Amino acid sequence: MNNEQQEQDVATVAADFAAALMQWRAVLGEEHVRTTDADLDRYARTCSSSARRALAVLRPASRDEVVALVRIARTFKTPLYPLSAGQNWGYGDACPVREGQVIVDLGRMNRIHTVDGELGYAVIEPGVTQRQLAEHLAEQGMPFWCDCTGSGPNSSLIGNIVERGFGHTPYGNRIQTISGLEVVLGSGEVLETGFGHYANARTTHVYPYGVGPFLDGLFTQSNFGIVTRLGLWLLPIPKSFCPFLVLFKEDEDLLAALPALRHLRLTRVLHSVPHIGNDLRALSSDGAFPRNALPERARLTPELRQQMRQAAGIGAWAMSGAFYGTRAQVWLHRRLLKQALRGVHAKVMFLPPWLLRLGRAAANFCNRLGLLPALDRKIRAAESLAGMHSGRPTGFFLRGAYWRKQGGWPSDLSDDTDLAGAGVGIMWMAPILPFRAEDLARLNQEMDTLFSSHGFDCHVTVNMINERALAAVYTIDYDAEDAMETARALECYEQGVARLYDLGYPLYRASTRGMSLLSPQGQDTFWQTVEHLKTALDPEGIIAPGRYQPGIFMGRDGAARSLG
Ligand SMILES: Cc1cc2nc3c(=O)[nH]c(=O)nc-3n(C[C@H](O)[C@H](O)[C@H](O)COP(=O)(O)OP(=O)(O)OC[C@H]3O[C@@H](n4cnc5c(N)ncnc54)[C@H](O)[C@@H]3O)c2cc1C
């Protein structure tokens, strides 16, 4: 292509984009088409080194507006990148996967259309946040809780679900608790899944599969459409509820307990999504990396780590979860948990609501006398844990992201803090592994060696996502304000992802940075099929090019290319 032709092409693209903006403004109003530097910079903030500035931000208020703006985007071949609340922290934040995309921020579409108080489901739009649904259920006196993740009250439900994220209640494997999606396809058509496409179907939100191919999964971890509504099942509030903590002193103690825990999960004694975190996860919620003691390093020495564990009264691992049911069921499950762990070194603690109330009263009393500040912190952590397990989302766990930030978390850290703008650095690698001690031991060792070679502490959580699999999350916590450390973190991430595929533990979810690494063995039949579906459902490639579409990053030789 010669220079003249290139200039002409650039001019055409610019003219098309200007025309698209004009039409979007006509549909949404001037106020809801944002192009100022301040707006674009705000959406480009990142806590996972994935800053990518969009061309514009569109803020539709209804499904019909989404349809209109998709049609305009098709006409002018301008790619769109949908966001629900845009709090995909550690996985790419609110940033598109590639350059040259226009963000569709669905935050104004925040209606809760229905809550069925008999059958226990809500029909919600993408802008509905965890807090909004939780408060709505409480205000309406509904006998239901919504499942909560640890990512804070302002995270969305739909954005999390389309990423196949998970919470921690019995409805924590969220993808199994949705029924009936409304999706605006890249073609501009509106698809209703399950029974939703039958006029007057009364079963759309109670039976997800409908009749015929089951399509819901196609609209999670994909770029075929924009989900504008879905039915979400709600957890009946149990008569009795009891959070628990299990402390394991050493790595071996957790590994020894794993077969018994698996049995409890398989037999549904453990019926929520218990979460097991290593000592670093607990320490990072209680303070910052002791930079003064280790000025030259990003990793704790074994001695200091041991001292910090002892000071915090924790072991190498802690498991948290909750039991739900009648009083008799909860008592039985408590007993079965204790029995199952009898042969291993584990300290089991139950935190029923009455005990937490007592703890709170004691902490308040001590606070007034200026005594035992650690008690208040411990009770606060336990309250947050209990809240997350009982439909009350909390921002408490956001503080862990400040581990490597100079000065730790700010004194005004609130539930509303947007981590993307906080100057913290976190990248998650989240592989699935079989629920087996040998797999966990192997993976932990591999990851610790990798993190160590890059000078990082290896923060680990392991979640019992279902009866047979564990969803591990290896977190690179880094100082995003230190360029060298950030470069090391990126290298650690890319090597880590490659290693996970090599070892046979692929990720359950990719960050925007990881999209280019999804197909280490080239364009196999799976990803080719995904491309065929993309062509059928979004012929102009308008929706989120590159999102779970590794083919777009491949060189002519079919080899994966890094996002850089
Ligand atoms: C301390 C901490 C704790 C966390 N805990 C958890 C946890 O317990 N569980 C968990 O799963 N995650 C967790 N996260 C990760 C993340 O913050 C959450 O998953 C969060 O819910 C994602 O943000 P969001 O809901 O605003 O989704 P968004 O950022 O809005 O969406 C995520 C992605 O989905 C796509 N998308 C969004 N909406 C639509 C739509 N309507 N149609 C089509 N595509 C769409 C977009 O491409 C977007 O990039 C945690 C993060 C931190 C920092």
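Being a predicted model, the structure only gives us computed values, none of them experimental. Each ligand, and each atom within it, is numbered from 1 in the order the structure gives.
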inquiry  = Check for me whether I426 has a heavy atom closer than 4.0 Å to any atom of ligand 1.
reply    = yes

ask   = Heavy atoms only: which of N160, N463, I158, T149 is nearest to atom 11 (O) of ligand 1?
value = N160

remark   = Filtering R399, Q221, R547 for the heavy atom nearest atom 34 (O) of ligand 1 leaves R547

inquiry  = For ligand 1 and L106, I'd like to know whether there is a polar contact (N/O to N/O, distance under 3.5 Å).
reply    = no

task = For the residue pair L470 and I465, establish whether any side-chain heavy-atom pair is separated by less than 4.5 Å.
result = no

ask   = Heavy-atom contacts under 4.0 Å between T512 and ligand 1: side chain, backbone, both, or neither?
value = neither

note = Taking only non-hydrogen atoms of G165 and a 4.0 Å limit, the atoms of ligand 1 in range are 11 (O)

key: Per-atom contacts, ligand 1 versus H168 - under 4.0 Å to a heavy atom   = 8 (O)

task = State if G92 counts as touching ligand 1 under the rule of any non-hydrogen atom under 4.0 Å.
result = no

ask   = Heavy-atom distance to atom 4 (C) of ligand 1: which of C95, P82, S151, A422 wins?
value = S151

ask   = Looking only at heavy atoms of G86, does any of them come nearer than 4.0 Å to an atom of ligand 1?
value = yes

inquiry  = Could you check whether D39 pairs with R53 (Lys NZ or Arg NE/NH1/NH2 to Asp/Glu carboxylate O, under 4.0 Å)?
reply    = no

inquiry  = Give me each pair satisfying side chain to side chain donor-acceptor pair (under 3.5 Å) with a member in residues 69-83, each pair once, sequence neighbours excluded.
reply    = R74-E540

Which side-chain N or O atoms in residues 393-400 pair as donor and acceptor under 3.5 Å with protein atoms at least two apart or in another chain?
from: T394; atom 1: OG1; to: F396; atom 2: N; distance (Å): 2.9
from: R399; atom 1: NE; to: F396; atom 2: O; distance (Å): 3.1

task = Would you please determine whether Y81 falls within less than 4.0 Å of ligand 1 on a heavy-atom basis?
result = yes

key: Proximity of Q87 to ligand 1 by residue part, where a heavy atom lies under 4.0 Å   = both

query = Nearest to atom 30 (O) of ligand 1 by heavy atom, P393, G400, S84, G159: which?
reply = S84

